[in-house]
Number of protein chains: 2
Amino acid sequence: MSGEFPVDQILRGECIETMKTLPDGSVDCIFADPPYNLQLRGELRRPDETVVDGVDDDWDKFADYATYDNFTRDWLREARRILHKDGTIWVIGSYHNVFRLGAIMQDLGFWILNDIVWRKSNPMPNFRGRRFTNAHETLIWAARGPQSKYRFNYQAMKALNDDLQMRSDWYLPLCTGNERLKNEHGLKLHPTQKPESLLHRVLVASTNANDVVLDPFCGSGTTPAMAKRLGRHYIAIERHPDYVKAARERVAREERLTSEQLATTPARREMPRIPFGSFVETGVLPAGTVLYDRQKRLKATVTPDGTLVSGNQRGSIHKLGAGLTGAPSCNGWTFWYFERDGQFVQIDILRQESQALRNVG
Amino acid sequence: MSGEFPVDQILRGECIETMKTLPDGSVDCIFADPPYNLQLRGELRRPDETVVDGVDDDWDKFADYATYDNFTRDWLREARRILHKDGTIWVIGSYHNVFRLGAIMQDLGFWILNDIVWRKSNPMPNFRGRRFTNAHETLIWAARGPQSKYRFNYQAMKALNDDLQMRSDWYLPLCTGNERLKNEHGLKLHPTQKPESLLHRVLVASTNANDVVLDPFCGSGTTPAMAKRLGRHYIAIERHPDYVKAARERVAREERLTSEQLATTPARREMPRIPFGSFVETGVLPAGTVLYDRQKRLKATVTPDGTLVSGNQRGSIHKLGAGLTGAPSCNGWTFWYFERDGQFVQIDILRQESQALRNVG
DNA sequence: CAGGGCCTTGAATCTGTCG
DNA sequence: CCGACAGATTCAAGGCCCT
């Protein structure tokens with residue numbers, strides 16, 4: 001990145017205007033918590049709104065939605081320009097605005113990957129008993145486009161959920177207690193401060209250490225604070241000087257975890273590749289060894305170049321597994337078994353053992 | 001209602017065309033399960049190489065967003081005309097289409113009351129590990145307009161939820177087993193049959209006995225079947241003759257409950273399950289914390305994804321405990337200890353104390 | 001007949017790298 | 001940009017069979 005690039009800073013300024021100063025494709029991930037209603041709220045409470053039927057084209061309402069849509073389209077377009085081609089964006093909203101956000105994101109070319117439901121453990125009850133308790137907010141997670149090679153730390157998310165796939169519904173508490181920033185009167189500093197746990201999951205799921213994360217609506221600074229703690233870089237934009245000051249102080253108090261503490265479960269597809277042939281060469285699984293499928297219904301012989309032979313078929317561990325079963329593809333490492341010390345074991349164990357040895361050194 | 005009014009019938013015909021024959025303000029509630037516009041790209045296989053039977057029906061294919069939006073606007077406009085001024089509408093969708101649905105509903109003058117998350121207890125996993133498990137669908141519940149005196153059976157919902165306010169996130173299973181209609185080959189009749197429990201809650205929440213419920217996308221007939229069972233009237237519209245036939249037969253088999261039987265059924269009890277990772281995210285036991293075994297002979301560090309690291313070994317609290325001691329298995333909750341307020345305490349105490357996380361379901 | 005094991009299935013935008 | 005190929009990847013239920 002150029003020396004001009006304002007990394008690890010909280011910038012005071014208008015969201016769109018400030019984004020315009022950042023170069024194309026310069027951030028890896030965006031987290032945005034845009035204003036929910038703007039003018040819509042005032043309109044909702046208007047006392048003279050007693051028209052019952054027919055006036056569906058209430059120009060006032062239309063104007064309000066249009067204003068919100070225009071603002072949304074403008075900042076999202078700018079965000080998309082700044083986002084790396086393989087980057088992802090998170091946008092959070094409630095039913096007041098999230099449908100407009102999502103539709104505009106799709107129109108601009110973002111490719112939605114998931115909608116995530118943040119289920120609040122402690123939502124405010126519905127006092128008047130006229131609706132269901134509004135107990136969740138929605139996050140839209142999207143790649144820059146359908147072709148983006150986006151990052152998703154699948155194994156880390158699985159680990160975080162007791163070794164089950166992380167689902168699209170997340171159960172997390174609101175930001176309360178000591179985590180909630182207070183002003184000089186002891187009142188909450190910001191009306192919608194997001195919990196650190198939410199940003200923790202977002203950042204661990206979709207970024208790597210040293211990635212650059214942009215938050216165009218920084219507010220109380222949960223995004224830069226968690227980015228710093230988790231060893232990510234950040235750029236945050238905030239209009240209100242009080243929030244800028246509070247966020248900067250908050251981030252200054254934060255400490256970066258050491259790289260050892262930051263290490264999460266690695267993605268298997270990013271582990272160093274070990275050719276099957278290396279086990280043949282080193283004599284761990286010498287040429288002539290017979291491999292079987294799990295049910296011992298298929299059998300193949302290891303050859304000196306690391307291919308397998310079965311009848312008149314020959315190929316890599318993957319190709320032969322696919323060929324013999326008629327499947328379009330096959331992971332040979334988990335398909336084939338051999339006998340060792342009287343035990344019937346998957347050949348993948350060799351890879352696992354050799355990776356464990358590497359970690360020692 | 002006029003004698004012409006086709007109450008308690010399943011009409012065969014195009015959705016919009018058929019709605020045009022119904023009078024203004026003639027139905028009390030609408031439940032709509034429109035095409036989702038999934039845009040599936042190719043064949044998907046499970047890890048065991050079996051093929052997933054996806055939705056490849058013609059009715060779910062649209063050329064582009066604009067085409068889908070036009071269709072959506074047309075049927076929603078007609079639906080709004082038919083809906084009583086104090087009526088409500090339910091529309092279900094997934095992230096593929098729900099943002100467009102919601103934005104168009106707002107544009108047409110509908111007043112959103114809640115967005116409801118149907119959390120699936122048994123969703124299909126994400127087989128390639130590239131996204132979060134898509135474990136929910138969204139229902140938008142809206143009144144005809146901001147001034148509608150809509151119906152919401154607050155007490156019935158509260159009773160259904162163990163005397164707590166019903167929240168906006170509902171935990172219900174998919175429609176499987178004997179409830180799922182089969183064709184003559186024993187395969188699922190309809191690709192997207194909705195569970196009866198979902199319609200049960202929708203109708204009990206937002207309609208009274210003898211109300212008229214419209215379903216413009218009847219499909220396999222869950223709406224009319226549940227309307228009849230719950231003593232509501234229905235009008236259903238379906239294009240495909242096979243679905244019309246099956247739905248009519250299904251409804252004929254259905255019996256109206258007596259008013260005594262209409263008493264609500266108890267809510268499904270949700271099993272608490274607290275992943276260790278949730279304590280890491282929420283900062284109760286932040287990444288970097290050091291854990292020890294009871295004798296303080298072993299030691300491990302908490303990482304951001306909720307796994308533990310000790311030397312070159314990594315794993316869940318259970319796996320690492322087993323790995324370090326050479327035991328075949330280990331209960332990590334009782335094996336690991338940490339220091340808190342100068343005390344040396346078992347991590348299991350966090351689970352016991354965690355009232356806030358009790359309701360995880 | 002109770003319980004365990006095996007098989008099936010569900011609205012799904014489902015790969016990455018190297019040559 | 002395209003083709004080849006290595007190889008990563010699943011959870012909860014329900015039904016049915018067997019012991």
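Labels below follow one simple rule: chain letters A, B, ... track the order of the sequence lines, proteins then strands, and each chain is numbered from 1.
Among C:dT13, D:dT10, D:dA6, the nucleotide with an atom closest to any side-chain atom of A:H318 is D:dA6. Distances from the side chain of B:D33 to the nucleotides C:dA12, D:dT9, C:dA11 place C:dA11 closest. Considering only side-chain atoms of B:L174, the nucleotide from C:dG10, D:dC5, D:dA8 that sits closest is C:dG10. Closest contact between the side chain of A:S316 and the listed nucleotides D:dA6, C:dA11, D:dA8 involves D:dA6. Of all nucleotides listed (D:dC5, C:dT9, C:dC14), C:dC14 comes nearest to the side chain of B:R130. Candidate nucleotides D:dC5, C:dG10, C:dT15 were compared by shortest atom distance to the side chain of A:R269, and C:dT15 ranks first. The A:R351 side chain lies nearest to D:dG7 when the options are C:dA11, D:dG7, C:dG16.
Taking side-chain N and O atoms only, A:Y150 has no distance below 4.0 Å to OP1 or OP2 of C:dT13. For C:dA11, one of the phosphate oxygens OP1 or OP2 lies less than 4.0 angstrom from a side-chain nitrogen or oxygen of B:R180. Taking side-chain N and O atoms only, B:R128 has no distance below 4.0 Å to OP1 or OP2 of C:dA12.
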Which is it for A:D169 and B:V117 under the side chain to side chain contact (heavy atoms under 4.5 Å, CB included) test, yes or no, and what are the steps along the way?
CA-CA 9 Å; A:D169 53 333; B:V117 176; 5.6 Å; no
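Not a single donor-acceptor contact under 3.5 angstrom links the side-chain atoms of B:K120 to the base of D:dA13. Side-chain N/O atoms of B:R131 and base N/O atoms of C:dT13 include a donor-acceptor pair closer than 3.5 Å.
For the pair B:K182 NZ and D:dG14 P, the interatomic distance rounds to 12 Å; values are reported in whole Å. Atom pair B:H136:NE2 and D:dC11:P shows a separation of 19 Å (rounding to whole Å applied).
To the nearest whole angstrom, the two C1' atoms, one in C:dT8 and one in D:dT10, are 13 Å apart. Comparing the P positions of C:dT13 and D:dA4 gives an interatomic distance of 29 Å, to the nearest angstrom.
Side-chain atoms of A:N161 never come within 3.5 Å of backbone atoms of A:D163 as a donor-acceptor pair (strictly under, hydrogens ignored).
If you check every strand for non-hydrogen atoms under 4.0 Å, B:D60 touches a base.
Residue-nucleotide stacking is present for A:W111 and C:dT13, judged by a side-chain ring centre under 5.5 Å from the six-membered base ring centre and planes under 30° apart.
A donor and an acceptor atom, one from each side chain of A:N114 and B:Y95, are nowhere located under 3.5 Å apart. For B:H318 and A:D162, the side-chain atoms include no donor-acceptor pair closer than 3.5 Å.
With values rounded to the nearest 0.5 angstrom, A:K296 atom NZ is found 12.0 Å from A:Y337 atom OH.
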